[in-house]
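Below you'll find the structure, written out as structure tokens, and then a few comments.
Since the model is a prediction, treat every value here as computed from it, not as a measurement.
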Amino acid sequence: MPAKQAIATLERFVVRINAHDPSGIVALCTPNHVFTDSLGSTLSGRERLKEAWAGYFSLFPDYRIEVESAVAHETLVLACGFASATHAASQETWRIPAAWRARVADRHIVEWQVYADNKPVYELLSREA
């Protein structure tokens, strides 16, 4: 797979995330897609992924990924930038540096892994509990 095509797939995926569209996100995932969060926890299965994205968007309705740069080698894409959002319950905002690793096949995302220091997010959520 050409690097440009892999990066274009990642960009389409980010557009769906920024549109807060769980169905659109899942439509760009392979049936065996694996999501890995910044703590290393994994999730797979289209319905579970769709529910997880919907739940995240209910917590952070304006969640946004800002990709500043991306590089690809064959099916592997690495991107870096920022993630930001407003917490629905408290209206507190956060913006953190982040990186993402995607494995692409046939214009779909096989793997999506997040690398970020989510301490500000976890602190915000712990105050709500």
Side-chain angles (χ1 to χ4, degrees):
M1 167 178 291
K4 284 185 180 183
Q5 185 180 17
I7 291 173
T9 300
L10 175 131
E11 289 171 345
R12 283 192 303 277
F13 192 68
V14 169
V15 166
R16 297 300 0 123
I17 291 170
N18 288 345
H20 312 118
D21 178 11
S23 295
I25 293 168
V26 172
L28 289 173
C29 295
T30 60
N32 62 336
H33 175 90
V34 176
F35 170 84
T36 305
D37 70 16
S38 61
L39 295 175
S41 299
T42 61
L43 185 64
S44 60
R46 288 184 175 218
E47 278 309 307
R48 290 181 66 206
L49 289 163
K50 190 174 175 181
E51 289 171 12
W53 279 109
Y56 199 74
F57 295 142
S58 70
L59 285 172
F60 304 105
D62 62 350
Y63 177 73
R64 180 166 180 72
I65 292 175
E66 304 164 49
V67 175
E68 291 190 330
S69 63
V71 296
H73 177 70
E74 297 176 0
T75 64
L76 177 67
V77 183
L78 302 175
C80 63
F82 292 89
S84 61
T86 304
H87 181 234
S90 69
Q91 291 302 296
E92 290 187 51
T93 62
W94 52 267
R95 184 173 187 258
I96 56 174
W100 302 271
R101 176 187 163 278
R103 182 76 61 188
V104 178
D106 201 23
R107 298 179 190 234
H108 287 79
I109 304 292
V110 179
E111 299 172 6
W112 181 253
Q113 185 165 6
V114 177
Y115 299 91
D117 178 2
N118 277 314
K119 186 177 179 186
V121 181
Y122 299 139
E123 287 174 352
L124 180 65
L125 292 172
S126 71
R127 289 195 300 267
E128 181 182 281

Atom pair [atom1] ([X]) and [atom2] ([Y]), whose distance is rounded to the nearest 0.5 Å:
{"X": "Thr75", "Y": "Gln5", "atom1": "OG1", "atom2": "CD", "answer": "11.0 Å"}
{"X": "Thr42", "Y": "Glu111", "atom1": "OG1", "atom2": "CD", "answer": "10.5 Å"}
{"X": "His33", "Y": "Arg103", "atom1": "NE2", "atom2": "CZ", "answer": "13.5 Å"}
{"X": "Phe35", "Y": "Gln113", "atom1": "CZ", "atom2": "CD", "answer": "9.0 Å"}
{"X": "Arg64", "Y": "Phe82", "atom1": "CZ", "atom2": "CZ", "answer": "13.0 Å"}
{"X": "Ser84", "Y": "Ile96", "atom1": "OG", "atom2": "CD1", "answer": "9.0 Å"}

Which heavy-atom pair separates [X] from [Y] by the least distance, and what is that distance?
{"X": "Trp112", "Y": "Ala102", "answer": "CE3-CB, 3.8 Å"}
{"X": "Ala79", "Y": "Val67", "answer": "CB-CG1, 3.9 Å"}
{"X": "Tyr63", "Y": "Ala85", "answer": "CA-CB, 3.7 Å"}
{"X": "Ala6", "Y": "Ala72", "answer": "CB-CB, 4.2 Å"}
{"X": "Ala116", "Y": "Ser38", "answer": "O-CB, 3.4 Å"}
{"X": "Thr86", "Y": "Thr93", "answer": "OG1-CG2, 3.3 Å"}

Under the 4.5 Å side-chain heavy-atom rule for ILVMFWY, direct or indirect, which residues accompany Leu76? Val71, Leu78

Parallel, tilted or perpendicular for Tyr56 and Phe60, by the 30°/60° rule? tilted

Run the side-chain contact (heavy atoms from CB on, under 4.5 Å) test on Phe57 and Asp21 for me, step by step, so that the C-alpha distance in whole Å, both residues' side-chain angles and the decisive distance to 0.1 Å come before the verdict. CA-CA 9 Å; Phe57 295 142; Asp21 178 11; over 6 Å; no

Under 4.5 Å between side-chain heavy atoms, counting indirect links through other Ile/Leu/Val/Met/Phe/Trp/Tyr residues: same cluster for [X] and [Y] or not?
{"X": "Val14", "Y": "Val34", "value": "no"}
{"X": "Leu10", "Y": "Tyr115", "value": "no"}
{"X": "Val110", "Y": "Val104", "value": "no"}

Who passes salt bridge (charged side-chain N to carboxylate O under 4.0 Å, His left out) against Glu51, sequence neighbours left out? none

Does Asp117 have any salt bridge (charged side-chain N to carboxylate O under 4.0 Å, His left out) partners at least two apart in sequence or in another chain, and if so, which? none

Pairing donors with acceptors under 3.5 angstrom, does anything connect the side chains of Arg107 and Thr9? no

Looking at side-chain heavy atoms only, is the closest gap between Trp53 and Ile17 below 4.5 Å? yes

Do Cys29 and Phe13 have side chains that approach each other closer than 4.5 Å (heavy atoms only, starting at C-beta)? yes

Whether Asp37 side chain and Leu39 backbone form a donor-acceptor pair below 3.5 Å: yes

Quick one: which of His20, Arg16, Lys50, Arg46 gives a side-chain contact (heavy atoms from CB on, under 4.5 Å) with Ile25? Arg16

